[in-house]
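Working notes for the structure below.
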Amino acid sequence: MELADRAVGLLLTLTSLSIFTYYTFWVIILPLVDSDHFVHKYFLPQEYAILIPVYAAMALICFLSVFVGYVMLKSKKKKA
């Protein structure tokens, strides 16, 4: 079981590191590169650099709100 936990941890770490590297390159380095350079075809337009994290944060807040509400309703039923 410990080996599976370590494998999952490694996978999550590598995934988050690759997303961080991609996003950092996209937001910080790419505006400094000429617009006709071939590397631009691997990235979305710059508007999405703000929209994607905002929508992800909104989805996370909505999910957490529903989860907390569900837990509160479930614990209220348990007391009654």
Test item: Ser18 side-chain N/O and Thr15 main-chain N/O as donor-acceptor pair under 3.5 Å: yes
Test item: His40 side-chain N/O and Asp34 main-chain N/O as donor-acceptor pair under 3.5 Å: yes
Linking I/L/V/M/F/W/Y whenever their side-chain heavy atoms sit closer than 4.5 Å, directly or via other members, would [X] and [Y] fall into one cluster?
{"X": "Phe25", "Y": "Phe38", "answer": "yes"}
{"X": "Leu51", "Y": "Val54", "answer": "yes"}
{"X": "Leu64", "Y": "Met58", "answer": "no"}
{"X": "Tyr23", "Y": "Leu44", "answer": "yes"}
{"X": "Leu3", "Y": "Leu10", "answer": "no"}

Nearest-0.5 Å distance that lies between atom NZ in Lys41 and atom CG in Asp36: 13.0 Å
Nearest-0.5 Å distance, CD of residue Glu47 to CD1 of residue Ile52: 11.0 Å
Atom OH of Tyr22 with >12 non-hydrogen neighbours under 6.0 angstrom: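 Yes.
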Test applied, side chain to side chain contact (heavy atoms under 4.5 Å, CB included); reference residue, Tyr48; option that passes from Phe43, Trp26, Tyr55: Trp26
Worked verdict on Leu30 versus Val39 for side-chain contact (heavy atoms from CB on, under 4.5 Å): CA-CA 8 Å; Leu30 200 61; Val39 77; 3.7 Å; yes
